[in-house]
Amino acid sequence: MSSTKYIFVTGGVTSSLGKGIIAASLAKLLQARGYRVTIQKLDPYINVDPGTLNPYEHGECYVTDDGAETDLDLGHYERFLSQNTSQANNVTTGRIYQSVIEKERRGDFLGKTVQVVPHITNEIKERIQLLGNTGKYDIVITEIGGTVGDIESLPYIEAVRQLLWELGDGNGIVIHLTLIPYLSAAGELKTKPTQHSVKTLMESGIKADILVCRTEREISNEIRDKLALFCNVRREAVIQSIDCKTIYEVPMLMLEEGLDVVALKKLNLVDYKVPEMSQWKAFLQRHENPKNTVKIALIGKYVELQDSYKSILEAFIHSGAANEVRVEVTSISSEILTAENVFDKISHFDGILVAPGFGERGIEGKIKAAQIARTHKIPYFGICLGMQMAVIEFARDVLDMEDANTVEVNPNTPYPVINLMENQKDITEMGGTMRLGAWRCQLKKDSLVYSIYQQDEIAERHRHRYEFNNQYLAQFEANGMIASGINPEKGLVEVIEIKGHPWFIGVQYHPEYKSTVTHPHPLFVSFVKATLDCQKKKSESQLSI
Ligand code: GLN
């Protein structure tokens, strides 16, 4: 057995308490104290991965370098740690069963009856230890999705119980995240739901070592004492997690509460260093003291749920801080944009971002938004589908290709400027079959995108089926839309930009997945800067009138 230590994070009382943020914050502090840490999420649903889920179900689907389509919490892990995750960092019940059933079909179980205990629980334990066994980490934090007591999380809880026993004292601990509700009629914070959820965990044979208590109000010493006594944890292991303005404050709050120190002590890691959080604090300082505000329109079709575009919104927070501006993002449903209203609805923004997406709904609105940005010289950032929309708009309006389209929307278009790649044509299975993960991209020297990255070659993450149709490339380039980034293996267009426009870039990949607190993504940083310039220019021209 390796010497890796394990921290399990469970949730009680309700969902959406922010287990992912607590796990990421603790990991950040441990990393800042010099430990090699990674975080893993176990999701109890039966989908093999969230790639086939509508964003309204679980928010954005996050993509890793190795092409895993994962839960959005992995985005938080990467943003907090500035460290890549992989396929092994997200496991679903679907994936566990798929693997056990494949083994059963191969005859690996030698005639045994295949059961939840031990076969499913063994598979879960293996997946948990996979990261630890690489020898790359001192500590692995495993977040168990769902809420204790749910039928579907039972095998995970049992696997954790067994693993804690196998690891032995001081090698694995459990942090239980709960809610301390405030009853305004009684004027009191209530501990009973927490007591019950700790009890539910105990019924499965797991004792919480640390309680992290989500609360809207300060938890008094008296309540902390009560929680410690009735939930069977040490007084110092009752950690308050009070609501705060931004998720990026949570690591500092957890540091104040001593979450990392309590965890380290319980893991017998007493030789810890002072945490190095200066870059993090500098980011918070800039984030909280912006000198200006820029207004950006985010045009998409899943606008009712903020989580659908999580990584984009977070990338704006990172890049806003880098520019010392507050980025005010207004989500606009592309379905409401028409030829008549689009100018009034979006031309007053300092920048326009057309979001990724799938299917026909809202497509025409996105194309019109790209047109306003191009013709009125408003900074435009098209991501994946947003790039494809800019290409279609240019084809229709500049190249006179009436009805140009993507074959995703119109398979019979006379101008399929966005086409399906040959190797995608025979695919019938939808799960995990897109162009996924990191692909190389070479940048053209005299382009805007090159001046932003300052690199000849980059690698960015993909998640799409359709591509720029190279048959039309010469025509586009002759008329001012340049392919400034190309994948060297397949010759696929990765970046387009418009010469003479202050900032008009479309990327076939998803830069938002790689933006982190300490390494804000250069394209987002540059786009925000361009929106600020655009705003300044507008106010100067108004003054001179
Ligand atoms: N639907 C488009 C494609 O599959 C764009 C996907 C996206 O925006 N992620 O190519």
Side-chain angles (χ1 to χ4, degrees), residues 49-56 58-65 67-70 72 75 298-303 307-313 315 331 333-335 352-367 369-370 380-393 395 404-411 413 416-439 441 460-470 472 483 485 487 490 492-496 505-515 523:
D49 60 45
T52 51
L53 286 173
N54 183 317
Y56 280 143
H58 277 271
E60 160 192 284
C61 173
Y62 186 76
V63 180
T64 58
D65 261 359
E69 295 176 275
T70 74
L72 58 75
L298 186 155
I299 320 260
K301 73 169 178 181
Y302 309 109
V303 290
D307 274 2
S308 308
Y309 302 114
K310 193 81 199 159
S311 294
I312 293 177
L313 297 177
S331 301
S333 165
S334 55
E335 283 179 281
I352 294 168
L353 184 144
V354 173
F358 293 84
E360 191 179 353
R361 192 159 59 82
I363 286 279
E364 291 300 321
K366 291 183 176 176
I367 296 172
Y380 178 87
F381 196 1
I383 300 185
C384 207
L385 187 70
M387 165 198 152
Q388 299 176 353
M389 297 299 103
V391 167
I392 295 169
E393 190 282 314
N405 217 325
T406 160
V407 295
E408 180 179 10
V409 172
N410 178 7
T413 166
V417 288
I418 304 293
N419 206 0
L420 203 54
M421 259 194 335
E422 272 312 310
N423 66 353
Q424 284 280 341
K425 288 192 176 149
D426 301 323
I427 287 174
T428 49
E429 298 243 327
M430 288 295 130
T433 55
M434 284 188 255
R435 174 147 88 105
L436 287 168
W439 286 65
C441 167
E460 294 275 7
R461 300 179 191 172
H462 290 249
R463 182 171 185 258
H464 58 100
R465 276 182 216 287
Y466 300 86
E467 307 282 349
F468 183 92
N469 186 342
N470 275 328
Y472 297 99
N487 167 258
K490 306 246 183 229
L492 296 167
V493 172
E494 303 278 25
V495 189
I496 56 102
I505 291 182
V507 288
Q508 189 57 84
Y509 51 80
H510 292 264
E512 70 275 22
Y513 293 145
K514 283 180 59 165
S515 185
L523 279 180

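Note that these values count all heavy atoms, side chains included, but never hydrogens, waters or copies made by symmetry. Just follow the structure's listing: the first ligand is 1, and inside any ligand the first atom is 1.
- Each of the following atoms of ligand 1 lies closer than 4.0 Å to a heavy atom of C384: 5 (C), 6 (C), 7 (C), 8 (O), 9 (N).
- Considering only heavy atoms from C-beta on, I367 comes within 4.5 Å of M389 through its side chain.
- On a distance-only criterion, M434 and ligand 1 share no N/O pair closer than 3.5 Å.
- In this structure, Y309 contributes its side chain and Y302 its backbone to a donor-acceptor pair below 3.5 Å.
- For Y466, a nitrogen or oxygen atom sits less than 3.5 Å from a nitrogen or oxygen atom of ligand 1, counting backbone and side chain alike.
- Under 4.0 Å is where a charged nitrogen must lie from a carboxylate oxygen, and between K490 and E467 no such pair does.
- The N/O atoms of G357, backbone and side chain alike, include one that comes under 3.5 Å of an N/O atom in ligand 1.
- Judged by distance alone, the side chain of S311 and the main-chain N or O of Y513 form no donor-acceptor pair under 3.5 Å.
- Heavy atoms of E467 stay at 4.0 angstrom or farther from ligand 1.
- Against a heavy-atom cut-off of under 4.0 Å, E408 is close to the following atoms of ligand 1: 1 (N), 2 (C), 3 (C).
- In summary, E335 and R361 engage in a salt bridge, as defined by a charged side-chain N under 4.0 Å from a carboxylate O.
- Taking the charged nitrogens against the carboxylate oxygens, R463 and E69 do have a contact shorter than 4.0 Å, which makes a salt bridge.
- The distance from ligand 1 to the heavy atoms of H510 drops below 4.0 Å at these ligand atoms: 9 (N).
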